[in-house]
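Below: one structure, written as C-alpha cells.
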Amino acid sequence: MPKMDFQPWPARDAAAALNAAFATDDLSQVMATLGTVARAKSMRRVAAETGLGRESLYKSLAPTGRPEFVTILKVLRSLGLRLRVTPAGETR
C-alpha cells in the first residue's frame with residue numbers, strides 16, 4: 001500500500017468535523033472522522049503522545065472500532081482537542 005501524504009488539520013477544522021460527526025449520532029462516522037484527523041497528524045506521533053500502540057490505534061479509530069473512552073480522550077488530547085458537553089437542543 002503506498003504511503004499517503006496527509007497534512008495536519010488545524011484544531012478548529014478538526015473540531016468542526018468531529019462536532020458534525022457527533023451530531024449524526026453515528027458511532028462509525030465519529031470513529032471514521034477521528035481516525036482521519038489522527039492519521040493527518042501522523043498515527044505514529046499520536047501513538048507516541050498517548051502511550052498507545054500504533055496498530056491498536058488504527059483498529060480503534062476505524063469506522064468499526066469500539067475503543068475505550070479513555071482512548072478517545074487521549075487521542076483528542078493529542079490532537080489538541082477536548083470534549084464539551086451541552087444540554088440537548090443547545091447549539092453552542
Side-chain angles (χ1 to χ4, degrees):
M1 176 181 217
K3 183 177 186 239
M4 299 184 75
D5 215 10
F6 290 103
Q7 295 296 316
W9 291 27
R12 187 174 304 261
D13 293 347
L18 284 163
N19 283 330
F22 276 113
T24 68
D25 291 328
D26 180 355
L27 182 59
S28 65
Q29 182 65 40
V30 172
M31 298 316 305
T33 303
L34 187 56
T36 297
V37 175
R39 282 189 305 279
K41 178 175 181 174
S42 165
M43 200 64 83
R44 183 180 310 261
R45 190 166 162 199
V46 172
E49 291 174 359
T50 61
L52 302 168
R54 188 174 54 86
E55 291 301 319
S56 68
L57 280 173
Y58 276 113
K59 289 178 185 176
S60 293
L61 301 179
T64 57
R66 298 290 185 263
E68 292 186 16
F69 191 63
V70 69
T71 299
I72 293 171
L73 293 177
K74 287 179 179 182
V75 170
L76 289 172
R77 188 177 312 118
S78 170
L79 298 172
L81 303 171
R82 64 178 175 195
L83 286 180
R84 181 176 178 189
V85 177
T86 59
E90 277 191 20
T91 57
R92 281 186 53 106

In chain order, what residues pass the side chain to side chain donor-acceptor pair (under 3.5 Å) check against [X], with sequence neighbours excluded?
{"X": "Ser60", "value": "none"}
{"X": "Asp26", "value": "Ser28"}
{"X": "Gln29", "value": "Thr33"}
{"X": "Arg77", "value": "none"}

Exercise for the section: Taking atom CZ of Arg66 as the centre, report whether more than 12 heavy atoms of other residues, nucleotides or ligands fall under 6.0 Å from it. Expected result: yes

Problem - Under the side chain to side chain contact (heavy atoms under 4.5 Å, CB included) test, residues paired with Val70 that sit two or more places apart - result: Glu68, Lys74

Exercise for the section: List in chain and number order the residues that pass side chain to side chain contact (heavy atoms under 4.5 Å, CB included) with Ser56, two or more places apart in sequence or in another chain; answer none if no residue qualifies. Expected result: none

Problem - salt bridge (charged side-chain N to carboxylate O under 4.0 Å, His left out) contacts in which one or both residues fall within residues 49-62, not counting sequence neighbours - result: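 Residue pairs with at least one partner in residues 49-62: Lys41-Glu49, Arg45-Glu49.
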
Practice task
Linking directly or through intermediates, with side-chain heavy atoms under 4.5 Å: list the remaining ILVMFWY members grouped with Leu79, chain and number order.
Solution key: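 Traced through the cluster, Leu79 reaches Trp9, Leu18, Phe22, Leu27, Val30, Met31, Leu34, Val37, Met43, Val46, Leu52, Leu57, Tyr58, Leu61, Phe69, Ile72, Leu73, Val75, Leu76, Leu81, Leu83.
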
Practice task
Looking only at non-hydrogen atoms, find the nearest pair between Gly80 and Ala11 and report the distance.
Solution key: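 Scanning both residues, the minimum pair turns out to be O-CB, 4.4 Å.
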
